[in-house]
S.K.: 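Can you read through this structure? Questions will come right after.
What you see is a predicted model; the values in this text were computed from it and never measured. Excluded from the calculations below are hydrogen atoms, water molecules and symmetry mates; all remaining heavy atoms, backbone and side chain alike, are included.
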Amino acid sequence: MMYLRITKKARMLKKAVLLGFLVLSGVSHAADADFTLVNRTGYALNEVYISPTQKDNWGKDRLGSNQLLNGQARKFKFGDTKNCVQDIKVIFTDDGSEVEWEGLNLCELDKITLRYNRKTREVSADTE
């Protein structure tokens, strides 16, 4: 009988530990709002900025000295889960013009494909 009690306690402890790991992995996953940005604008991107929708400051260029050529993708680290809704601004390499995509909830998106029609100045984004 005593053996069964220890086994039940061991099982309960094992379940509690497993539940704890599941909860912790869910918390870390919820805090991970990294996303992949795909450039389908038709032009190379020289600079990429990401800023909370309600702010006027774009901060630093997220590409640094790199470019994101048309058709290329890049993963961006994003941890500001208190400000999930962000705007993205890009500056094109060929003519230095700027375009913005507004109101993207980065906490809910894994992949953003940017599209741009330079003739009509229409921006769109496919999101996953």
S.K.: What pairs with Y116 under side-chain hydrogen bond (donor to acceptor under 3.5 Å, both in side chains), at least two apart in sequence or on another chain?
M.R.: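 Y116 satisfies side-chain hydrogen bond (donor to acceptor under 3.5 Å, both in side chains) with R121 only.
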
S.K.: Specify the closest pair of heavy atoms between L109 and N105, including all atoms of both residues, with the distance to one decimal.
M.R.: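 Heavy-atom minimum between the residues: CG-O, 3.2 Å.
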
S.K.: About how many Å separate SG of C107 and CG of D80, when rounded to the nearest 0.5 Å?
M.R.: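 Interatomic distance, D80 CG to C107 SG, rounded to 0.5 Å: 8.0 Å.
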
S.K.: Under the salt bridge (charged side-chain N to carboxylate O under 4.0 Å, His left out) test, which residues partner D56, sequence neighbours left out?
M.R.: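 In terms of salt bridge (charged side-chain N to carboxylate O under 4.0 Å, His left out), with neighbours along the sequence ignored, D56 is linked to no residue.
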
S.K.: Could you tell me which residues satisfy side-chain contact (heavy atoms from CB on, under 4.5 Å) with N46, sequence neighbours excluded, listed by chain and number?
M.R.: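 With sequence neighbours excluded, N46 shows a side-chain contact (heavy atoms from CB on, under 4.5 Å) to Q67, T93, given in chain and number order.
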
S.K.: If you measure from CG on N66 to CG on L63, what distance do you get to the nearest 0.5 Å?
M.R.: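 If we round to the nearest 0.5 Å, N66:CG and L63:CG are 6.5 Å apart.
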
S.K.: If you round to the nearest 0.5 Å, how far is CG of N39 from CG of L45?
M.R.: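 It comes to 3.5 Å.
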
S.K.: How long is the straight-line distance from CG of L104 back to CD of Q86, given to the nearest 0.5 Å?
M.R.: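 The CD atom of Q86 sits 9.0 Å away from the CG atom of L104.
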
S.K.: Assess whether side-chain contact (heavy atoms from CB on, under 4.5 Å) is satisfied between T36 and D110, documenting all intermediate values.
M.R.: CA-CA 6 Å; T36 300; D110 292 320; over 6 Å; no

S.K.: Who are the salt bridge (charged side-chain N to carboxylate O under 4.0 Å, His left out) partners of D126, not counting sequence neighbours?
M.R.: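 By the salt bridge (charged side-chain N to carboxylate O under 4.0 Å, His left out) rule, D126 matches R115.
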
S.K.: Distance from I88 atom CD1 to L37 atom CG, nearest 0.5 Å?
M.R.: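 The CD1 atom of I88 sits 5.5 Å away from the CG atom of L37.
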
S.K.: Sequence neighbours excluded, which residues qualify as salt bridge (charged side-chain N to carboxylate O under 4.0 Å, His left out) partners of E128?
M.R.: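 For E128, the residues satisfying salt bridge (charged side-chain N to carboxylate O under 4.0 Å, His left out) (neighbours in sequence not counted) are K111.
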
S.K.: Using the rule that Ile, Leu, Val, Met, Phe, Trp and Tyr join whenever any side-chain heavy atoms are under 4.5 Å apart, tell me whether V90 and V38 fall into a single cluster.
M.R.: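 No, no single cluster joins them.
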
S.K.: side-chain hydrogen bond (donor to acceptor under 3.5 Å, both in side chains) with S97: which residues, sequence neighbours excluded?
M.R.: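 Checked S97 against side-chain hydrogen bond (donor to acceptor under 3.5 Å, both in side chains); matches are D95.
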
S.K.: Who passes side-chain contact (heavy atoms from CB on, under 4.5 Å) against S65, sequence neighbours left out?
M.R.: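 side-chain contact (heavy atoms from CB on, under 4.5 Å) list for S65, sorted by chain: empty.
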
S.K.: Between I112 and V99, is there shared hydrophobic-cluster membership here, with clusters defined by ILVMFWY side-chain heavy atoms closer than 4.5 Å?
M.R.: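 Per the 4.5 Å side-chain linkage, I112 and V99 are co-clustered.
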
S.K.: Can you see which heavy atom on R40 is nearest to which on T113, and at what distance?
M.R.: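 Shortest heavy-atom separation between R40 and T113 comes out as CG-CG2, 3.3 Å.
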
S.K.: Quick one: does W101's side chain have a donor or acceptor within less than 3.5 Å of a partner on S124's backbone?
M.R.: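 Between the backbone of S124 and the side chain of W101 there is a qualifying donor-acceptor contact (under 3.5 Å).
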
S.K.: Salt bridge (charged side-chain N to carboxylate O under 4.0 Å, His left out) with E98: which residues, sequence neighbours excluded?
M.R.: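 By the salt bridge (charged side-chain N to carboxylate O under 4.0 Å, His left out) rule, E98 matches K89.
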
S.K.: Name all pairs fulfilling the salt bridge (charged side-chain N to carboxylate O under 4.0 Å, His left out) condition that reach into residues 60-76, sequence neighbours left out, sorted by first residue then second.
M.R.: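 Listed once each, the pairs would be none.
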
S.K.: Would a single hydrophobic cluster contain both V123 and I91, if residues Ile, Leu, Val, Met, Phe, Trp and Tyr are joined by side-chain heavy-atom contacts under 4.5 Å?
M.R.: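 Looking at the clustering, V123 is in a separate group from I91.
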
S.K.: Any pair with a residue in residues 51-77 that passes ring-ring contact (aromatic ring centres under 6.0 Å, His included), sequence neighbours left out, goes on the list, sorted by first then second residue, please.
M.R.: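 Counting only pairs at least two positions apart or across chains, the ring-ring contact (aromatic ring centres under 6.0 Å, His included) contacts touching residues 51-77 are F35-F76.
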
S.K.: Is L69 isolated, or which residues cluster with it under the ILVMFWY side-chain rule of less than 4.5 Å, directly or via members?
M.R.: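 Its cluster partners, ordered by chain and number, are none at all.
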
S.K.: Quick one: side chains of residues 47-54, donor-acceptor pairs under 3.5 Å with protein atoms, not counting sequence neighbours, listed by atom name and distance.
M.R.:
{"from": "E47", "atom 1": "OE1", "to": "Y49", "atom 2": "OH", "distance (Å)": "2.2"}
{"from": "S51", "atom 1": "OG", "to": "N57", "atom 2": "O", "distance (Å)": "2.8"}
{"from": "T53", "atom 1": "OG1", "to": "V85", "atom 2": "O", "distance (Å)": "3.3"}
{"from": "T53", "atom 1": "OG1", "to": "D87", "atom 2": "OD1", "distance (Å)": "3.0"}
{"from": "Q54", "atom 1": "NE2", "to": "N83", "atom 2": "OD1", "distance (Å)": "3.0"}

